[in-house]
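The sequence lines fix the lettering, A, B, ..., with proteins before strands; numbering per chain opens at 1.
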Amino acid sequence: MRLYSTLQRKLVELPPPPVEIGIYVCGPTVYQRIHVGNARPYVIFLWLRRWLTGRGYAATLASNITDVNDKIYAAAPGHSSELAEQATRWYIEDTDRLGLGRPDAEPKATETMDDIIRLIAELVASGHAYEAGGDVYFRVASFGDYGQLSGQKPDQMTEQEPNPLKQDARDFALWKATKEGEDTSWDSPWGKGRPGWHIECSAMAAKLLGPAFEIHGGGLDLVFPHHENELAQSRAAGQEFAHIWMHNGLLRLTGEKMSKSLGNVQTLERVLDEWGRETLLLFFMTAHWRSPIDFSPATMEAAREQAWTFRNAFLHPPERQPARGWEALEAALDEDFSTTEALAVMHEWRAAGQLEQLRRALTLFGLETLAESERAPAELEEMARRRQAARATSDFAEADRLRDEIAAAGWEVRDVSDDPGYQLVKKD
RNA sequence: GGCGCGGUGGCCGAGUGGCUAGGCAGAGGCCUGCAAAGCCUCGUACAGCAGUUCGAUUCUGCUCCGCGCCUCCA
């Protein structure tokens, strides 16, 4: 299997199974409900873990929850930990609704503090970091490969807010001394404080996956500075760290009038309420994981239609010549995990009526519910029967009236040749 | 300004040096009391300009346009 890696800027071959594949994905900073965009890496990497597991790998997925951070302090002055706890519950609740299960580990920064402090101390001891006024900074000049991941040239970076404690404008904080108004702090060799933004990921990844692991994932917007800094810290500490760096494309919001303010993002909660999990998952499948994807009513509507055609295949199986076998899906996903090609293969199976194969593929993507049909309430069954009776006596006015009534209840009646002569299908 | 990605038929979105992506929407037909679902048929696209080549949408260069990142960001 091959995956595109930002670090090597090319497709990188995974070692053949069975081997352990450690995957670390940057999860959210918890201070509000996550938005649809945050759900993309969550979905992609849970799918990937499923696929790798099915391919015979021992895949372990770790995805962190950053629960100490400037943004959390800013969002809830004086009670940041309560907000972090609340937002963590929201995150679990919202992502649970995707129905894909959970990562193998979801470490919290606040529960990894010993490892974080130990890692910083190591970097200080080896001269890759220095203490200044209770803060600790990473010495970028001490790490020759800095900039390798993002392609950013260190000498071209400019500092936004000059920090006199830094020896070099490019240096970044590993540890920050507690400031006025911050309601949480931890003891460290450098006094009370809390970790900087990047260090927690280095510490958690090493703790859970070891000093060398296969895949590190996250949104494209994390390449710099977050991942560049993670890589620098961990490599400077003598770890190989991640081999392959996967960065998913970002969601773009279009087709909706922007409310001018920054608050135009849609929460995952709202999207799930409005469109349902099946449509959202299918929507994510319609773009390659590295491509940007437009989130709009039109693109979501198209995804919903695709869900509908898959569902219909199980209600009314077509009989056609057999299409390609399972290996077609393997070929699609083994080459840079192309869900778009996988989708094309699945449509092929749908049209060919290869339903068991299709069901297996849908299950992989958490869409097995499309293969299940819901039983209609008894009163609707009764109405459908009365409609059949009306049709039998050519009372089409009554038959159409009943059909409208059933439709109003959110169901569709279809005339079929099989036994009861009708079929009730729930509409979205 | 620096780094990087991309421009494919009405829309979304793959892919390939010469041979079918796929989905949605649309047109016609079959089926149906009418529908729905399903089936059949239909679109000859690859930003522009040069170049390499027997042949380029696919390789190279340039131009135009769009997007992401450049210490808040999945």
*Asks:* Mapping Y4(A) and E305(A) onto RNA chain B by nearest heavy atom, which one lands closer to the 5' end?
*Replies:* Y4(A)
*Asks:* Applying side-chain hydrogen bond (donor to acceptor under 3.5 Å, both in side chains), can you list everything that pairs with R386(A), at least two apart in sequence or on another chain?
*Replies:*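 Partners of R386(A) under the side-chain hydrogen bond (donor to acceptor under 3.5 Å, both in side chains) test: none.
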*Asks:* Quick one: label R290(A) by what it contacts on the DNA or RNA (base, sugar-phosphate, nothing), any heavy atom closer than 4.0 Å.
*Replies:*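 Nothing: the residue R290(A), judged by heavy atoms under 4.0 Å, touches no strand.
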*Asks:* Work out how far the P atom of U52(B) is from that of C40(B), and round it to whole angstrom.
*Replies:*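 To the nearest whole Å, 46 Å.
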*Asks:* Report the nucleotide, chosen from G68(B), U71(B), G23(B), that has the shortest atom-to-atom distance to any side-chain atom of F172(A).
*Replies:* U71(B)
*Asks:* Distance check needed: C34(B) P versus R414(A) CZ, whole Å only.
*Replies:* 18 Å
*Asks:* Rounded to whole angstrom units, what separation is found between the CZ atom of R304(A) and the P atom of G23(B)?
*Replies:* 20 Å
*Asks:* Does a side chain donor of either N229(A) or Y146(A) reach within less than 3.5 Å of an acceptor in the other side chain?
*Replies:* yes
*Asks:* For T60(A), which residues count as a side-chain contact (heavy atoms from CB on, under 4.5 Å) partner, sequence neighbours excluded?
*Replies:* D104(A), L209(A)
*Asks:* Atom pairs under 3.5 Å, N or O on each side, protein against nucleotides 43-46 of chain B: can you list them with distances?
*Replies:*
none

*Asks:* Could you report the tightest heavy-atom contact between T178(A) and S185(A), atom names first, then the distance?
*Replies:* OG1-CB, 3.1 Å
*Asks:* Heavy atoms under 4.0 Å, any strand shown: does G37(A) hit a base, just sugar-phosphate, or nothing?
*Replies:*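 Base contact - G37(A) has a heavy atom under 4.0 Å of at least one base atom.
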*Asks:* List for me each residue that meets side-chain contact (heavy atoms from CB on, under 4.5 Å) alongside Q388(A), sequence neighbours excluded, and say none if there are none.
*Replies:*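 With sequence neighbours excluded, Q388(A) shows a side-chain contact (heavy atoms from CB on, under 4.5 Å) to R391(A), D415(A), Y422(A), given in chain and number order.
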*Asks:* Please evaluate the base of G33(B) for a donor-acceptor partner in the side chain of R387(A) within a cut-off of under 3.5 Å?
*Replies:* yes
*Asks:* Paired with U20(B): which nucleotide, if any, by Watson-Crick or G-U wobble criteria at under 3.5 Å for both distances?
*Replies:* none
*Asks:* Applying ring-ring contact (aromatic ring centres under 6.0 Å, His included), can you list everything that pairs with W245(A), at least two apart in sequence or on another chain?
*Replies:* H216(A), H227(A), F241(A)
*Asks:* Is it the case that the side chains of S202(A) and E230(A) hold a donor-acceptor pair, with the cut-off being a distance below 3.5 Å and no angle test?
*Replies:*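 Per modelled atom types, E230(A) and S202(A) side chains form no pair under 3.5 Å.
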*Asks:* Sequence neighbours left out, what passes side-chain contact (heavy atoms from CB on, under 4.5 Å) with P292(A)? Give chain and number order.
*Replies:*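 With sequence neighbours excluded, P292(A) shows a side-chain contact (heavy atoms from CB on, under 4.5 Å) to R252(A), given in chain and number order.
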*Asks:* What is the distance from CG of D70(A) to P of C72(B), rounded to the nearest Å?
*Replies:* 9 Å
*Asks:* Can you sort out the partners of F172(A) under ring-ring contact (aromatic ring centres under 6.0 Å, His included), two or more places apart, ordered by chain and number?
*Replies:*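 Result, ring-ring contact (aromatic ring centres under 6.0 Å, His included) vs F172(A): F138(A), H198(A).
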*Asks:* By a strict heavy-atom criterion of less than 4.0 Å, which residues belonging to residues 392-400 of chain A are in contact with RNA chain B?
*Replies:* F396(A), D400(A)
*Asks:* Does any N or O donor sit under 3.5 Å from an N or O acceptor when you compare the side chain of N312(A) with the base of A36(B)?
*Replies:*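 No such pair is found, so the answer is no.
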*Asks:* Nearest-Å distance, OH (Y422(A)) to P (G33(B))?
*Replies:* 18 Å
*Asks:* Which residues satisfy the side-chain hydrogen bond (donor to acceptor under 3.5 Å, both in side chains) test with K176(A), sequence neighbours excluded?
*Replies:*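 Counting only residues at least two positions away or on another chain, K176(A) forms a side-chain hydrogen bond (donor to acceptor under 3.5 Å, both in side chains) with D70(A).
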*Asks:* Can you tell me the Watson-Crick or wobble partner of G9(B), both distances under 3.5 angstrom?
*Replies:* none
*Asks:* Can you check the distance between C59(B) and C46(B), where both ends of the measurement are the C1' atom (answer in whole Å)?
*Replies:* 16 Å
*Asks:* Between the side chains of T66(A) and E200(A), does any donor sit under 3.5 Å from an acceptor?
*Replies:* yes
*Asks:* Write down the distance separating the P atoms in A36(B) and C11(B), rounded off to the nearest Å.
*Replies:* 26 Å
*Asks:* Could you tell me whether V416(A) contacts a base, only the sugar-phosphate backbone, or nothing, with contacts defined as non-hydrogen atoms closer than 4.0 Å?
*Replies:* nothing
*Asks:* Could you tell me the separation between the CD atom of Q233(A) and the C1' atom of U71(B), rounded to a whole number of Å?
*Replies:*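 After rounding, the gap between these two atoms is 13 Å.
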*Asks:* Roughly how far apart, to the nearest Å, are G28(B) and G61(B) at atom C1'?
*Replies:* 47 Å
*Asks:* Under 4.0 Å from any atom of RNA chain B, heavy atoms only: list the residues of residues 365-382 of chain A that qualify, in numerical order.
*Replies:* none
*Asks:* Could you tell me the separation between the CG atom of N248(A) and the P atom of G4(B), rounded to a whole number of Å?
*Replies:* 20 Å
*Asks:* Suppose we define a pair by two distances each less than 3.5 Å, Watson-Crick or G-U wobble; what does G43(B) pair with here?
*Replies:* none
*Asks:* Can you tell me how far P of C70(B) sits from NE2 of H226(A), to the nearest Å?
*Replies:*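 Roughly 13 Å, once rounded to whole Å.
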*Asks:* Between R360(A) and E356(A), is there a side-chain N and carboxylate O pair less than 4.0 Å apart?
*Replies:* no
*Asks:* Does the separation of the ring centres of W349(A) and W326(A) fall below 6.0 angstrom?
*Replies:*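 Yes, close enough.
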*Asks:* From the list C69(B), G38(B), U71(B), which nucleotide is the closest neighbour of the side chain of D221(A)?
*Replies:*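 Between C69(B), G38(B), U71(B), the one nearest the side chain of D221(A) would be C69(B).
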*Asks:* Taking atom types as modelled, is there a side-chain donor on D336(A) or H288(A) under 3.5 Å from an acceptor on the other?
*Replies:*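 Distance-only check passes for D336(A) and H288(A).
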*Asks:* Considering only atom C1', compute the distance from C64(B) to U53(B) and round it to an integer number of Å.
*Replies:* 26 Å
*Asks:* Check the interface with nucleotides 11-15 of chain B: list each N/O to N/O pair with the protein under 3.5 Å, or write none.
*Replies:*
unit_1: A14(B); atom_1: OP1; unit_2: H288(A); atom_2: N; d: 3.4
unit_1: A14(B); atom_1: OP1; unit_2: S291(A); atom_2: OG; d: 3.1

*Asks:* If we call it a pair only when both distances are under 3.5 Å in a Watson-Crick or G-U wobble match, what pairs with C69(B)?
*Replies:* G2(B)
*Asks:* Please determine, for C49(B), whether a Watson-Crick or G-U wobble partner exists with both distances under 3.5 Å, and give it or none.
*Replies:*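 By the stated definition (distances under 3.5 Å), G61(B) pairs with C49(B).
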*Asks:* Pick the P atom in U8(B) and in C67(B), then give their distance to the nearest Å.
*Replies:* 14 Å
*Asks:* Quick one: label G217(A) by what it contacts on the DNA or RNA (base, sugar-phosphate, nothing), any heavy atom closer than 4.0 Å.
*Replies:* nothing
*Asks:* Going by side-chain contact (heavy atoms from CB on, under 4.5 Å), name the residues that satisfy it together with R277(A), two or more places apart in sequence or in a different chain.
*Replies:*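 side-chain contact (heavy atoms from CB on, under 4.5 Å) check on R277(A) returns L272(A), L281(A), T369(A).
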*Asks:* Write down the distance separating the C1' atoms in U71(B) and G9(B), rounded off to the nearest Å.
*Replies:*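 Result for the C1' pair: 43 Å, nearest Å.
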*Asks:* Does R403(A) reach a base, just sugar-phosphate, or nothing at all? Heavy atoms under 4.0 Å.
*Replies:*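 Answer is base: heavy atoms of R403(A) come under 4.0 Å of a base.
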*Asks:* Between H35(A) and T267(A), does a side-chain hydrogen bond (donor to acceptor under 3.5 Å, both in side chains) hold up when you go through it step by step?
*Replies:* CA-CA 4 Å; H35(A) 58 80; T267(A) 62; over 6 Å; no
*Asks:* Taking the minimum atom-to-atom distance to the side chain of E412(A), which one of G23(B), A36(B), C69(B) wins?
*Replies:* A36(B)
*Asks:* What's the CG-C1' distance between D415(A) and C34(B), to the nearest Å?
*Replies:* 9 Å
*Asks:* Give none if U32(B) has no partner; otherwise give the nucleotide forming a Watson-Crick or G-U wobble pair with it, both distances under 3.5 Å.
*Replies:* none
*Asks:* Consider only side-chain N and O atoms of S373(A) and R311(A), and report whether a donor and an acceptor are under 3.5 Å apart.
*Replies:* no
*Asks:* In whole angstrom, give me the gap between the P atoms of G7(B) and G43(B).
*Replies:*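 Nearest-Å result for G7(B) against G43(B) at atom P: 25 Å.
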